[in-house]
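Everything numeric here is computed off the predicted structure, so don't read it as measured data. Both ligands and their constituent atoms are indexed starting at 1 by order of listing.
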Amino acid sequence: MLNVPSQSFPAPSSQQRVASGGRSKVPLKQGRSLMDWIRLTKSGKDLTGLKGRLFEVTEEELVKHNKKDDCWICIRGFVYNVSPYMEYHPGGEDELMRAAGSDGTDLFDQVHRWVNYESMLKECLVGKMAVKPAIPKGMLPKSQVTDTRAREGPISPSYDWFQTDSLITIIIYTKQKDMNLDSVIVDYQDDSFRAETIIQDYSYLIHMELFREIQEDFSVRVVANVGKIEIVLKKKEHTSWKCLGRALENHNSFTPRKDTALYYRKCQLISKEDVTHDTKLFCLMLPPSSYLQVPIGQHVYLKLTIAGTEIVKPYTPVSHSLLFKLMEPVLPNDKYIYFLIKIYPAGLFTPELDHLQIGDFVSVSSPEGNFKISQFQELEDLFLLAAGTGFTPMVKILNYALTNIPSLRKVKLMFFNKTEDDIIWRSQLENLAFKDKRCEVEFVLSAPTSGWNGKQGHISPALLSEFLKRSSDKSKVLICICGPTPFTEQGIRLLHDLNFSKDEIHSFTA
Ligand code: HEM
């Protein structure tokens, strides 16, 4: 069923992204854009004021540098003079000052652990924190703290391996029953073999330089009921291996994911097509020696090197279409990742992405995110509230819900845009609503032309109370919301006013 739209939301000012809540960008002064910052870092100016010398910084020294014009911050053991960056920081000076003269690692990670500060601040490096000679009584060094926390979480997996003439099989015993193929990420690049298994918020890593070379393609199998993962590698030469290989960094470790660094692999741009006047569908292909599936509702980070500086942005992958069952041929989903990306001509990252040629490479991180598929269990009514490119997480959710949730009675999408031209995949959505009676789509425009006879306006109590009708009094409901921060925050407030509980709302914070 299709409810033809009415009105819209102002087109979002930021690309789709998912991160921890409560962030907001501040307007930067003229001449303080990211490109301006990159130019400044390349200008040869002495940004630390230390003439290129690096220091061992003691805690006593660090705390002294706590003013805007003399501000040092320690992140992961390295100390940066961030005073020159103050006016360029998209989160504002006050936010940056929260970590002035201290170890800002946790704060930084809470807000944007994916931001590539090492590359952006390389000219601001003051030095390393001095290592303390002894650990004060009663305190544990960081590695042991991590281990302790790991012990409080799920039980650590273990692994084993065996071989035939031509194959090596690695078996990971996860001791968990709910393992899926998207819980495993495998990469073989630059002589390093990496298999990461995601268990709740933890990551179990096998990281080795293998004993001998293997072929590029391998297979991954999950025996879900016993929580066993099998990775079958093909030997390049049919010789017997004396061992699996040499352990590399963090091999056989089980760590909270928030404490693990983002891992990237280079993906090739396969296609790029216009979707609306400013939004494009990008298809990236994983290298043959990588295995990765992005779970529903999760995002990845794309990394490009722009003028010598690595810039990272989060994006939620989509399916290649909403009607993929009807359209042939479809590329197998475990090798290709699709993104709907809005190009901001005045921005830095998206024009660079847009200028890539077919065959060029983009680094793609492993997936992250806190959406859990278990939220769909026994679900009867699914409501999706999206504004602009906040539509992207809804794509896989829509596809999954309509094909995999037997209890589902109704899926309703309310899609806010500025004008009709901004609506992503409008005809696909209309088609979907036409073909599947459980599905309803409502477009809302904030700046429609005079011919528009659908809904108009911004997210409001009137629009929501009319839209969010349960199919029965006690039906199990999930409401997903994604868009620019003000949209999402307002939406959550209104949903609480309408008596929806926290468990019934999932927000993808923009
Ligand atoms: C440790 C204290 C810091 C705090 C509390 C903080 C806070 C914030 C906040 C609130 C935002 C706005 C987020 C948004 O809505 O996009 C932001 C954005 C940003 N911050 Fe920080 N920040 C800190 C340190 C840093 C440092 C050291 C860098 C170094 C490069 C940095 C780089 C950035 C960048 C690049 C963005 C824009 C991210 C985007 O593309 O969305 N921040 N920060």
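Distances from atom 29 (C) of ligand 1 to the heavy atoms of Tyr80, Phe349, Tyr85 put Tyr85 nearest. With Pro90, Ser119, Cys74 as candidates, the residue nearest to atom 34 (C) of ligand 1 on a non-hydrogen basis is Pro90.
The aromatic rings of Tyr301 and Trp114 sit parallel, their planes meeting at an angle under 30°, below the 60° perpendicular limit.
Classification of Arg426 and Glu420 as a salt-bridged pair holds, one side-chain N sitting under 4.0 Å from a carboxylate O.
Other residues, nucleotides and ligands contribute only 12 or fewer heavy atoms inside 6.0 Å of the NZ atom of Lys128. For Lys266, the NZ atom is loosely surrounded, since the number of other residues' heavy atoms within 6.0 Å does not exceed 12.
Geometrically, ligand 1 and Tyr117 share no nitrogen or oxygen pair separated by less than 3.5 Å.
Proximity of Met120 to ligand 1, defined as any heavy-atom pair under 4.0 Å, is confined to the side chain (atoms from C-beta onward). Heavy atoms of Thr485 found under 4.0 angstrom from ligand 1: none, in either backbone or side chain.
No side-chain heavy atom of Asp182 sits under 4.5 Å from any side-chain heavy atom of Val294.
Atoms of ligand 1 found under 4.0 Å from any heavy atom of Ala99, numbered from 1 in the order shown, are 1 (C), 2 (C). Listed by atom number, the atoms of ligand 1 under 4.0 Å from Trp114 heavy atoms are 38 (C), 39 (C), 40 (O), 41 (O). Residue Val111 has at least one heavy-atom neighbour below 4.0 Å for each of these atoms of ligand 1: 7 (C), 8 (C), 9 (C), 10 (C). Atoms of ligand 1 found under 4.0 Å from any heavy atom of Lys313 (numbered from 1 in listed order, with element): 39 (C), 40 (O). Numbered from 1 in the order shown, with element, the atoms of ligand 1 that lie under 4.0 Å from a heavy atom of Leu96 read 23 (C), 24 (C), 25 (C), 26 (C), 27 (C).
Tested against Leu382 for a side chain to side chain contact (heavy atoms under 4.5 Å, CB included), the candidates Leu413, Leu398, Ile397 yield a single pass: Ile397. Residue Glu60 is tested with Thr58, Leu62, Val57 for a side chain to side chain contact (heavy atoms under 4.5 Å, CB included); the sole match is Thr58.
One distance of note links CD of Glu87 with CH2 of Trp37; it measures 11.0 Å at 0.5 Å rounding. If you take SG on Cys480 and CZ on Phe383, they are separated by 11.5 Å, rounding to the nearest 0.5 Å.
Within the 4.0 Å heavy-atom cutoff, Ile75 counts among the residues contacting ligand 1. Taking a 4.0 Å cut-off on heavy atoms, Tyr88 fails to register as neighbouring ligand 1. Using a 4.0 Å heavy-atom cutoff, Val115 is listed among the residues neighbouring ligand 1.
Around atom 21 (Fe) of ligand 1, the two atoms NE2 of His89 and NE2 of His112 are separated by an angle of 180°, to 10 degrees.
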